[in-house]
**Q** 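This structure is in structure tokens; I'll ask about it shortly.
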Amino acid sequence: MKPTADYSVYLVTGREILPEGKDYYESLEESLQGGVTVVQVREKNIDTGEFIEIARKSKEVCDKYNVPLFINDRVDVFLAVRCAGVHVGQSDMPASEVRALIGDDALLGVSVSSKEEAIQAVKDGADYVGIGAVWPTASKDVTKRTKLAPSGTGALLDVLASQGDKGAAMQTVAIGGIHAHNTPFLLHGSVGASGKALDGVAIISAIVASRAPKEKAAELRGIVDAFKASR
Ligand code: TZP
Ligand code: MG
């Protein structure tokens, strides 16, 4: 059976930007204690064996908190680890191929930066879309492999408003430059302007780069919970 996921506070890992001396698993566990609701292991330029090991150990930590784990980009790593799902971008394995390989019992997320990409992702079998980068972010460049121009709040609103178009029912998270200080504006502003609410926010640096990931995660979780309670 397909797992369910609460996308409220979606942590994407980034070992490269951990504060000096902060252990990856310690930071992950503290983030879970603070209340992140989904975790995605994102690794670039790493040996496949090491990726599998990190994913497996991350899954053990997430399992303790009953939090679903996604693997970024790599279907082979997902198949080895068998966690909740896979997340792919527009230049990774096409979403329809990923869906065929992972089956219907796994969750699939797709990064999009336009309404057309979002509608296609849903047709291809995506359970949720990650919309962004909403604001400029340093984190996408940490591996020096990818550069990213923010698609902005306009693209975000377009995607949100397209829900319901052509049968496209999707869960949505925003990503890119999201911090506690701009999250209330993002959540309330986007529902005000599009009529559709985000299901959550996806975050790297606001949590991972912090020496107090538990407190940061709790703060973000409080903001998203309050937003959902207000609706
Ligand atoms: N995809 C779009 S923006 C981004 C990814 C992986 C990075 C988000 O990182 P941060 O630090 O939360 O801005
Ligand atoms: Mg990718």
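In each ligand, atom 1 is the first atom listed, and ligand 1 is the first ligand listed.
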**Q** Work out which heavy atom in R231 is nearest to a heavy atom in V191; give both atom names and the distance.
**A**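 That closest heavy-atom pairing would be NH2-CG2, 3.4 Å.
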
**Q** For the Mg ion (ligand 2), check which protein N, O or S atoms are under 2.8 Å away and list them.
**A**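 Per the 2.8 Å query on the Mg ion (ligand 2), atoms found are D73 OD1, D92 OD2.
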
**Q** A133 heavy atoms, cut-off 4.0 Å: which ligand 1 atoms fall inside?
**A**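 Numbered from 1, ligand 1 contributes 3 (S).
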
**Q** Based purely on interatomic distance, does I204 place a nitrogen or oxygen under 3.5 Å from a nitrogen or oxygen of ligand 1?
**A**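 So ligand 1 has an N or O lying under 3.5 Å from an N or O of I204.
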
**Q** Counting only heavy atoms, tell me which of G177, G130, G89, S139 gets closest to atom 11 (O) of ligand 1.
**A**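 Comparing heavy atoms across G177, G130, G89, S139, the nearest one to atom 11 (O) of ligand 1 lies in S139.
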
**Q** Check for me, please, whether M170 and I102 land in the same ILVMFWY cluster - side-chain distances under 4.5 Å, paths through other members count.
**A**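 In one cluster: yes.
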
**Q** Using a 4.0 Å cut-off to any heavy atom of I203, which atoms of ligand 1 qualify?
**A**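 Answer, ordered by atom number: 12 (O).
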
**Q** Which ligand 1 atoms does R42 reach within 4.0 Å, using its non-hydrogen atoms?
**A**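 Counting from 1, the qualifying ligand atoms are 6 (C).
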
**Q** If you measure from NE2 on H87 to CG on D73, what distance do you get to the nearest 0.5 Å?
**A**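 Reported to 0.5 Å precision, the distance equals 8.0 Å.
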
**Q** Drop me the distance from I54's CD1 to R56's CZ, to the nearest 0.5 angstrom.
**A**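 Output value for this atom pair is 12.5 Å.
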
**Q** Which ligand 1 atoms does T137 reach within 4.0 Å, using its non-hydrogen atoms?
**A**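 What qualifies from ligand 1 is 3 (S), 7 (C), 8 (C), 9 (O), 10 (P), 11 (O), 13 (O).
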
**Q** I175: heavy atom below 4.0 Å from ligand 1, yes or no?
**A**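 Yes, I175 has heavy atoms under 4.0 Å from ligand 1.
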
**Q** Could you check I46, V208, L28 and say which one makes a side chain to side chain contact (heavy atoms under 4.5 Å, CB included) with R15?
**A**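 Of I46, V208, L28, side chain to side chain contact (heavy atoms under 4.5 Å, CB included) with R15 is met by I46 alone.
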
**Q** Counting C-beta onward and ignoring hydrogens, is there a side-chain heavy-atom pair between F70 and C83 closer than 4.5 Å?
**A**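 Counting from C-beta outward, F70 and C83 never come under 4.5 Å.
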
**Q** Give the numbers and elements of all ligand 1 atoms closer than 4.0 Å to a heavy atom of S205.
**A**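 So the answer, numbered in order with elements, is 10 (P), 11 (O), 12 (O).
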
**Q** Rounded to the nearest 0.5 Å, what separates atom CZ in R42 from atom OG1 in T13?
**A**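 One gets 8.5 Å once the value is rounded to the nearest 0.5 Å.
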
**Q** Angle between ring planes, Y128 versus Y7, binned at 30° and 60°: parallel, tilted or perpendicular?
**A**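 The arrangement is tilted - the two ring planes meet at 30° to 60°.
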
**Q** So, are E43 and R74 salt-bridged, with charged N and O less than 4.0 Å apart?
**A**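 Here E43 does not pair with R74 in a salt bridge, since their nearest N and O are not under 4.0 Å apart.
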
**Q** Is the shortest heavy-atom distance from the side chain of V110 to the side chain of V122 under 4.5 Å?
**A**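 No - every pair of side-chain heavy atoms lies 4.5 Å or more apart.
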
